[in-house]
Participant: 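Attaching a single structure in C-alpha cells format; questions to follow.
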Amino acid sequence: MYIAVALDGNHEPLLIAFDLGTINRDNSWLWFMRRLKECLGDNTEVGFISHMSDSIDFAVQRVYPDSYHGYCCKNIAEKIRASIGSNTIVNGNDLHWLDNIPIAKWVRACFPRVRFNVKFIDIPVVVNWLRTNTHEFPITTIIEMVHDSMQPVYLQRAAFGVHFTGDFHGLLTPYALKVIHKRSIHSDGCRITHIVGDIYEVSKYSTTESVQLDRGICSCGKWQKCGIPCEHAIALLQRLEIAEIQQIVNLKLSTAVYRNAYQTETVNPIPTLRHWEIPVESVVALPPRQFN
C-alpha cells in the first residue's frame with residue numbers, strides 16, 4: 001500500500017492519497033507520485049519524508065526534482081534496532097548500511113530552513129492497521145475499508161473545527177495556541193537590542209539570536225520551521241507592541257483554513273469499474289492448468 005500523509009493546521013496526520021500496488025517497484029511509485037502531483041497541483045511547494053527506498057527516490061527525483069527528500073528518522077531507528085537485534089555488543093558490520101545514507105538525507109539536520117523536531121509524520125492508526133492486516137482481502141474491499149474508515153475522521157474534524165475557541169477569538173488552531181503559550185512563557189527575561197532597520201538581537205542567558213520581523217525569521221530557526229513566532233520574536237513583539245501575535249502566524253494554522261479543508265473536502269468515493277484506469281501494458285494472468 002502506497003500512502004501519502006501530511007500534517008494539517010492542528011498538527012494531526014492527514015491522509016492525502018493511497019494506492020495498492022507491487023512493493024518497491026519503480027514504475028508503481030512513479031505512477032503514484034504523478035497522480036499525487038495531479039492532486040496537489042504543479043505550483044504546490046512540497047518536501048518529502050519517506051522510508052528508505054530506492055524506488056521512492058527514483059519517483060521523487062523524476063516528479064519533484066526540485067523538492068527536498070529525506071529519510072524518516074523513525075524508520076532508520078527501526079532498521080538500526082533490527083540490525084542489532086538482541087546483541088549486547090554492536091558489531092560495526094551490522095550497521096554498514098548507515099554509511100550509504102548521504103548526509104543530505106538526514107531529515108532532522110538537513111530539512112530546508114528547519115532544524116527542530118522534523119523526524120517523521122505518523123500514518124493514521126486505522127490506515128496502518130488496514131495496511132498490515134488485510135493482505136488476504138480483495139483490492140476493492142481494502143480500498144472500500146480505507147474509504148469507510150477515513151470518512152468519519154474528516155467529518156469529526158469538520159465538526160471539531162466549527163467549535164474552535166481560544167485566547168485569540170478562535171483565529172488559530174488549538175495546536176498553534178498551545179505553541180504560542182509555551183513560547184510566550186519562555187520569552188520572559190529576554191533582553192532586546194536594536195541593531196539596524198528591522199534587525200534586533202534578542203538575548204537570554206548565554207545565547208543571542210537575530211530577529212527580522214519584516215522577513216519573519218529568527219536565527220534560531222524555530223519561526224521558519226512551523227510558521228509560529230519563536231520565543232525571541234514573541235519577546236520582541238511584546239516589547240514593541242506593533243503587532244498582534246496571531247496576525248503573523250502562518251495562514252495554514254488558522255481556523256479558517258482548517259475549517260475549509262474539512263468542510264469542503266471529503267474522501268473521494270471509489271469509482272465504478274468502467275472508470276478504472278487500465279494500464280496499456282497490463283497482462284491478463286490465466287489460472288494455472290491442472291494435470292491429471
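Residues: numbered from 1 along the sequence shown.
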Participant: What are the two closest non-hydrogen atoms of Glu209 and Cys218, and how far apart are they?
Facilitator: CB-SG, 3.8 Å
Participant: Pick one: which of Leu236, Asn250, Ile234 meets side-chain contact (heavy atoms from CB on, under 4.5 Å) with Pro229?
Facilitator: Ile234
Participant: Is it the case that the side chain of Ser254 and the backbone of Leu172 share a donor-acceptor pair, with hydrogens and angles ignored and the cut-off at 3.5 Å?
Facilitator: no
Participant: Enumerate the residue pairs fulfilling side-chain hydrogen bond (donor to acceptor under 3.5 Å, both in side chains) with a member in residues 195-207, sequence neighbours excluded, ordered by first and then second residue.
Facilitator: Ser203-Thr208
Participant: Quick one: side chain to side chain contact (heavy atoms under 4.5 Å, CB included) partners of Gln156, sequence neighbours excluded?
Facilitator: none
Participant: Identify, with sequence neighbours excluded, every residue that meets side-chain hydrogen bond (donor to acceptor under 3.5 Å, both in side chains) alongside Ser187.
Facilitator: none
Participant: Could you walk me through whether Ile228 and Ile180 pass the side chain to side chain contact (heavy atoms under 4.5 Å, CB included) test, one step at a time?
Facilitator: CA-CA 7 Å; Ile228 302 175; Ile180 289 175; 3.6 Å; yes
Participant: Any link between Met150 and Leu7 through a network of hydrophobic side chains (Ile, Leu, Val, Met, Phe, Trp, Tyr) touching at under 4.5 Å?
Facilitator: yes
Participant: Any salt bridge (charged side-chain N to carboxylate O under 4.0 Å, His left out) pairs touching residues 226-237, not counting sequence neighbours?
Facilitator: Lys222-Glu231
Participant: Which residues pass the side-chain hydrogen bond (donor to acceptor under 3.5 Å, both in side chains) test with Arg157, sequence neighbours left out?
Facilitator: Asp8, Tyr262
Participant: Which residues pass the ring-ring contact (aromatic ring centres under 6.0 Å, His included) test with Phe160, sequence neighbours left out?
Facilitator: Phe164
Participant: For Asp54, look at atom CG and say whether over 12 heavy atoms of other residues, nucleotides or ligands are found less than 6.0 Å away.
Facilitator: no
Participant: Test of understanding: with side chain to side chain contact (heavy atoms under 4.5 Å, CB included), list the residues that count as partners of Lys37, not counting sequence neighbours.
Facilitator: Asp42, Val63, Tyr64
Participant: In the hydrophobic cluster built from side-chain contacts under 4.5 Å, what are the other members alongside Ile185?
Facilitator: none
Participant: Mind listing the closest non-hydrogen atom pair of Cys72 and Ile49 along with its distance?
Facilitator: CA-CG2, 3.7 Å
Participant: I need the minimum non-hydrogen distance between Cys190 and Ala235, along with the two atoms involved.
Facilitator: CB-CB, 3.7 Å
Participant: Provide the closest heavy-atom pair for Leu36 versus Ala17 in the form atom of the first, atom of the second, distance.
Facilitator: CD1-CB, 4.3 Å
Participant: Please list, chain by chain and in numerical order, all residues satisfying side chain to side chain contact (heavy atoms under 4.5 Å, CB included) with Arg62, sequence neighbours excluded.
Facilitator: Leu30, Phe58
Participant: Which ILVMFWY residues can you reach from Val196 by hopping between side chains whose heavy atoms are under 4.5 Å apart?
Facilitator: Ile195, Ile199
Participant: Would Asn75 and Tyr71 satisfy side chain to side chain contact (heavy atoms under 4.5 Å, CB included), going step by step from the backbone distance to the final call?
Facilitator: CA-CA 8 Å; Asn75 178 241; Tyr71 293 144; 6.0 Å; no
Participant: Name all residues meeting the side chain to side chain contact (heavy atoms under 4.5 Å, CB included) criterion together with Asp19; count only those two or more places apart in sequence or in a different chain, and write none if there are none.
Facilitator: Tyr2, Trp31, Phe32
Participant: Closest approach of Lys105 and Asp57, non-hydrogen atoms and distance?
Facilitator: NZ-OD1, 3.2 Å
Participant: Begin from the C-alpha positions of Leu15 and Phe18 and carry the test side chain to side chain contact (heavy atoms under 4.5 Å, CB included) through to its verdict.
Facilitator: CA-CA 8 Å; Leu15 177 65; Phe18 67 94; 4.0 Å; yes
Participant: Of all heavy-atom pairs between Ser50 and His69, which one has the smallest distance, and what is that distance?
Facilitator: OG-NE2, 2.6 Å
Participant: So, using side-chain hydrogen bond (donor to acceptor under 3.5 Å, both in side chains) as the criterion, who are the partners of Gln212 when residues are at least two apart?
Facilitator: none
